[in-house]
Amino acid sequence: MALIEAVEVTKQFANHLALDRVSISVPGQSIFGLLGPNGAGKTTLIRIINQITGPDSGSLFLNGQRLKPSDVTQIGYLPEERGLYKKMKVGEQVVYFARLKGLSSAEAGRRAKNWFGRLEMDSWWDKKVEELSKGMQQKAQFVSTVLHEPKLLIFDEPFSGFDPVNAGIIKNEILHLRERGATVLFSTHNMSSVEELCDDITLIHKARVILQGRVDEIRSKWAANEYVFTYRGDVTITGEAGYRVLDRTRENGKTVFRIETRTPVSENMLVSELLKMGDILSFNPALPSMNDIFIKVVQSRNETVEA
Amino acid sequence: MTILAPLLMGALIVVPTILMSTEGQEFKKIAVVEDGSDLFRNAIPSTDDMEFTYLGNVDIDDLKNNFSEAGYYGILYISPLVINVPNAVQLISRKQPPLTLVSHISNSLEKEIEKQKLLTYSIENLDEILKSVRTKVILQTIRIDDTGEVKQTSTGVAMVMAYIGGFLMYMLVFIFGSQVMRGVIEEKTSRVVEVLVSSVKPVELMMGKIIGIALVGLTQFLIWIVLTIGVVTVLSQTLLNDGKAKEMAELATPQNIISSDVPVQAAMAQPAAAQQAPNLKELIEVLKTLRNQNWGIILFSFIFYFLTGYLLYASVFAAIGSAVDNETETQQFMLPVTIPIILALMVAMGTMQNPESSLAFWFSIIPLTSPIVMMARLPFEVPYWELALSMGLMVITFLAFVWMAAKIYRTGILMYGKKTSYKELLKWLMYKG
């Protein structure tokens, strides 16, 4: 069942339409990616789910029940524009935010100590926020978002501002949170993290949903008839009838070919055909990256809009 | 700052007093030389810190050369011509003599000469006549209300109270109000605000900020008052503990004065006694006025106007803070807020001169200025219906302002990087949901 569901949500600002009948359905205990170019309406949708602003029309459901003001305690939100009180101590601040979400002071303190230990932040507890680097502040913010163990976690661009090491740590924590039952909704421009993390995505462009579904399904659907073959040694293949070579690289005594078939073919047929040329080390259908799909979908949409 | 401020304020009150009292500490001996006559032998009384030694007719040139060695601060040379020639007196000294010394000498001489001149008319019992002639007038202002009850008042005291009331209101509203604005800007620029509004409603956040700062401010204010009074008392008692201060303090206790209406009658019978206590009589007037003020109304009004006035202005300040990206951008919105406050303060000052004017009336009814102006009018007694009207309008207006401010605030806090215009603010007011 969908943990959070938005149905036909529309939001009009003074001079532009931010969301046009957008519907999403986020399955429980999954990671859901909300994608789209800048200004597509992602942040507006996220703010509506957080009840920071209200929709003009449409409805929202949490666990099948209409979303109500008290549900904010079930949601943890890490906004894109995030900050902490600069003069306040890190530990106190994390506890303060958790208490705003309804945790008792003692419980919040206990959990915060726990998290600080996990993420190797113990020594920061009594430091003022302004003494921390940007990456450290981001980590503290992450902790304050998850501390009240919400059912739904919403991250807006969670990896911006993190170095690769810390981004990796946060990625693992997000996966870990899903394992423990949380549902994660996150918006990002970083497509490689979508491939790594997301189960489902929705692509919003110009206030509308233009692509929606499971990541693996979308990728195989968008797969052109492309395959990658790796041969041992120096091999030359020529484009026979039925396929053509897109690319050929040679390295470490291996040759890698990327080919495209003219029509969909049986993979067994293709392999047996190509086995004649040499020893095949590996064979893969080349799935398009989310990045390619993103660009293709958005561009084609722009063209149709302009046409 | 919380602790330091009262210390500074205490110092501000006490230090000048100490300076004034220590100035005369150096003991001065003055030689009085009179050329040829013997008119001023006892004319100049010695005081705590000056002593006048009458040397009579001595050689002034000799003395000029060695008066310092003889232990004198200076020589007062009086020529008999002084009765007709005002500048026939000289004070010769090495240093510039202090004003207290100079005025003491000239006052004493003037009195003596006046006496001498009167004596030449050979009037019998001159001393008694002079004593009974000397008078001082203290105008008692008495107010009669509709029931015919008589109240004694002092316009001076009412003015001081009006000033304190109006000014205090101005300070509190303005200082705390702009603190709210800075707080909102801080939350906006540090981007804490979006995290906060995902947990609490923007209106709650705004009201929390406004109420929180009011409580912090009042606590600090209370500490200041208590500490300032404490510092002043301690300093004045340790540093000025000669007999006089104590005497004054004893005289000034309300019980002493209020319990005895005696001095007034006594003054009639014993003119001399009355003359000795003119300060005391003024003090009585002050205390009577203070006692006759309707403290219940004043205190209630102060709290009422402080709360509503503060809520009104603080919510406007919060709205401004939410609409801008940094403090320098607040300028364009500050003017319309500052003008009514400054105007109110100016009218409040005028109110003290003429509390019944129609200007004072209207400004104490109009909600944006009424907290300050009405506080200034209250010591002069305001009809209850005016007070009720002013308060009623105030409540309506502050509710309207809080409501409007909340709408602007809700949109403003999440708006970045755009310079906000008044037109924009109006649009935000219209947004729903």
Side-chain angles (χ1 to χ4, degrees), chain A residues 9-15 43-44 46-58 69-88 93-94 96-103 129-130 137-138 140-142 144-145 147-148 150 152-156 161, chain B residues 1 179-180 182-209 211-213 216 321-327 406-433:
Chain A
V9 170
T10 300
K11 177 80 181 177
Q12 170 84 49
F13 285 119
N15 35 30
T43 300
T44 305
I46 286 176
R47 282 182 181 167
I48 288 172
I49 294 172
N50 275 300
Q51 303 179 75
I52 292 170
T53 45
D56 294 340
S57 66
S70 62
D71 287 337
V72 290
T73 55
Q74 316 264 5
I75 302 176
Y77 175 38
L78 184 68
E80 183 177 8
E81 298 286 3
R82 48 192 172 239
L84 299 164
Y85 289 106
K86 293 196 166 49
K87 306 274 174 204
M88 209 170 163
Q93 193 151 185
V94 168
Y96 169 69
F97 283 129
R99 289 180 65 195
L100 279 183
K101 290 286 192 188
L103 241 55
V129 170
E130 58 189 356
Q137 291 185 23
Q138 301 258 31
Q141 269 155 357
F142 180 82
S144 74
T145 309
L147 203 63
H148 58 292
L152 176 63
L153 281 159
I154 301 176
F155 300 113
D156 200 348
Chain B
M1 209 43 213
Q179 216 167 323
V180 168
R182 276 200 301 276
V184 171
I185 293 176
E186 191 210 328
E187 274 171 4
K188 194 181 167 182
T189 51
S190 68
R191 320 271 156 144
V192 185
V193 75
E194 193 160 350
V195 181
L196 291 174
V197 292
S198 72
S199 304
V200 296
K201 290 206 189 76
V203 185
E204 292 170 341
L205 180 60
M206 185 182 94
M207 288 316 285
K209 177 130 245 132
I211 292 167
I213 284 178
V216 169
S322 73
V324 299
D325 279 350
N326 54 59
E327 225 170 318
K407 291 210 116 187
I408 293 177
Y409 178 86
R410 199 181 50 194
T411 311
I413 43 169
L414 296 174
M415 212 58 98
Y416 294 106
K418 205 157 66 167
K419 212 155 187 202
T420 318
S421 63
Y422 283 102
K423 218 175 117 196
E424 201 96 24
L425 290 187
L426 213 66
K427 233 187 272 167
W428 296 355
L429 266 180
M430 304 303 167
Y431 282 161
K432 57 183 190 302

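Small disclaimer: the values here were computed from a predicted structure and weren't measured.
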Hits for side-chain hydrogen bond (donor to acceptor under 3.5 Å, both in side chains) against B:R191, two or more places apart or cross-chain, chain-then-number order -> A:E81
Cut-off 4.5 Å, heavy atoms of chain B, and the answer for A:L84 is backbone
When rounded to the nearest 0.5 Å, the distance separating OG of B:S198 from CG of A:L100 is 9.0 Å
Interface check, chain B: of A:I154, A:V72, A:V129, most non-hydrogen pairs under 4.5 Å belong to A:V72
side-chain contact (heavy atoms from CB on, under 4.5 Å) filter on A:Q74, not counting sequence neighbours, yields A:L62, A:D71, A:K151
Separation between CD (B:E194) and OG1 (A:T43), nearest 0.5 Å, reads 7.5 Å
Residue from B:L196, B:T189, B:V200 scoring the most non-hydrogen pairs under 4.5 Å with chain A is B:L196
Audit row: B:E186, A:K86, salt bridge (charged side-chain N to carboxylate O under 4.0 Å, His left out) steps and yes/no: CA-CA 9 Å; B:E186 191 210 328; A:K86 293 196 166 49; over 6 Å; no
Applying a strict 4.5 Å limit to non-hydrogen atoms, the region of B:V195 in contact with chain A is both
Ranking A:P79, A:G76, A:P55 by heavy-atom pairs under 4.5 Å to chain B gives rank one to A:P79
Q.
Using side-chain heavy atoms (C-beta onward) and a distance below 4.5 Å, is B:T411 in contact with A:F13?
A. no
Output for pair (B:S190 OG, A:M88 CE), nearest 0.5 Å, gives 11.5 Å
